[in-house]
Amino acid sequence: MSKPVRVRYAPSPTGFPHVGNIRTALFNWLFARHHGGSFIVRIEDTDVARTVEGAVEAILDGLRWLGLDWDEGPEVGGNHGPYFQSQRLKRYQEAADRLVAQGNAYRCYCSSERLDQMRAEQVKHKQPPGYDRACRTLTAEECGIREGQGIVPVVRFKVPLTGQTRTNDLIRGEVVFENSTLDDFVLLKSDGYPTYHLANIVDDHEMKVSHVLRAEEWLSSLPRHLLLYQAMGYQPPLFAHLPMILGTDRSKLSKRHGAVSITEYKEMGYLPETMVNFLALLGWSLDDKTEIMSREQLVQGFSLERVSRTAAIFNIEKLNWMNGVYIRTLTIDDFAQRSLPLLDKKLPAQVKRPLSLDYIRQLAPLFQERARTLAEVPELSDFFFVDELEYDAALLVGKKSTRESTLRCLEASRERILKLDRFDKESLEGSLRPLAEELGVKTGELFGALRTATTGRTAAPPLFETMAVLGKDLCLKRIDVALDKLRGMGL
RNA sequence: GGCGCAUUCGUCUAGCGGCCUAGGACACCUCCCUCUCAAGGAGGAGACCACCGGUUCGAAUCCGGUAUGCGCUACCA
């Protein structure tokens, strides 16, 4: 009885894939997969002037990165192509011609100057801005005269002057619009390209789209689309308008709010599985407590009934937490592999390349539970890679310690370490922990001095594991450097 | 200005008439663990459910109005 579920993600290549946009793609994808339907990608490249070079690739890369595979669309084709609107111009022109012939649309010869002026006037007089329908009643003869003057017309839809247009939005329930509040919008531009409104309904119909899941900003356009479906004699799909994603100040998410492009999140070291999970929760929930969900759980649990109606604010703090959770679920090897590109990119230039994946595997466990993003790995671990540590000698001396005491600690440690045959966590700890007592200092004081000496930092992963990875020679060398620094202090 | 949508802790949200003196999560605070930092564990603080009326034995939940926010109002999507 019910038609197969077919949904589409229809981005416009006028910029890079915004997280809000990607969230819409995700919901469409989840809906399609949940119902065993098809997920279609269609490129809405009808705005020639605003098209951005490379945007299509960036959009597709974003989808691929998140694992949102499409059944029909660019690169994979399908039975309802082409999937670039710029390649479907003929269909839109035919539709426009048909609407004109049917009396549902008309050609408009008004100049953009006149339109601008008219709008300015309307705004000035607090009138609702909108086309004044000057060309709506032009006779064929009058049209001919204008054509003769070389004016290239646009095609406008003849909106009914009275009546209401209503439908049942799957998320918002019944929505009603007075036709009298709509103006005669453009269907076909003078350059022969369709506007979103026309292209959208022609394609959704021809591609047999069953459900349109799009952002709430489109809700206001819904009556136009419904009227168009009606005029074309098409059965409209079902609509669901998704809540928007806002910045921290509650305004539409933009560059001001930091990263907005999904590719930026990749570069910042967020995992695709985190992004999928996090974005899914922006406007949807499974129940009152489940938050960490696999792709499969998401697909299984997704439903429009549980999509919220209120706009959500993108909270980077929560994203960071969730990314940390996902990072900790990775295997050591996976974590090491995924960290490699970020390390390569962010470690100081003087660090020898190529980086050793094997070495990274050794230190990976030390950072896996500390990093919230992959980009933090190079920041936290650079002391494992650089030759010379740079730090203030004062850091060697702990708060409750003195220079003399620190010197004794490091000198004694040096002797102990020298004698070690094995240099692993256990032997290190077995040798150094008793040393603190012998020297009559707190373990914290001894370990702290060693930590600074070997890592150049006061906060680092557990000392013995760190030293074990660093290796005996390097540790000794760094302790010597620290000793020199201490001896030079206060001179 | 017009039209539309929305309104529960700072944030993401649960709630679809009695189970709510409103639950979970992030962030925050305290404690535990501990060589530092994290992670982990245990607690805590945090929402007069925007406001005003109405319906009802009973409303965060239903209805109306107001306010506020957001969106649309292009030969952009």
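By convention in this document, chain letters (A, B, ...) are assigned in the order of the sequence lines, proteins followed by strands, and residues within each chain are numbered from 1.
Spacing of P atoms, B/G46 relative to B/G24, comes out at 14 Å, to the nearest Å.
The partner of B/G69, taking Watson-Crick or G-U wobble pairs whose two distances both stay under 3.5 Å, is B/C5. Pairing for B/U34 is absent, with no Watson-Crick or G-U wobble pair whose two atom distances lie under 3.5 Å. If you check B/C20 for Watson-Crick or wobble pairing at under 3.5 angstrom, you find it has no partner at all.
Between A/R119 and A/D132 there is no salt bridge, since none of the side-chain N atoms of the basic residue sits less than 4.0 Å from a carboxylate O of the acidic one. Using a 4.0 Å cut-off between charged side-chain N and carboxylate O, A/E206 and A/R91 make a salt bridge.
Between the side chain of A/T195 and the base of B/C75, no donor-acceptor pair under 3.5 Å is found. For a distance-only test at 3.5 Å, the side chain of A/R370 qualifies as a donor-acceptor partner of the base of B/C37. With hydrogens and angles left out, the side chain of A/R250 and the base of B/C70 share no donor-acceptor pair within 3.5 Å. Between the side chain of A/T181 and the base of B/G2, no donor-acceptor pair of N or O atoms lies under 3.5 Å.
Distances from the side chain of A/P462 to the nucleotides B/G4, B/A6, B/C35 place B/C35 closest.
For B/C76, one of the phosphate oxygens OP1 or OP2 lies less than 4.0 angstrom from a side-chain nitrogen or oxygen of A/K189.
Geometrically, A/R166 does not engage A/F177 in a cation-pi contact defined by less than 6.0 Å to the ring centre and at most 45° from the axis. For the pair A/R42 and A/Y83, the NZ or CZ position fails the cation-pi test of under 6.0 Å to the six-membered ring centre and within 45 degrees of the ring normal.
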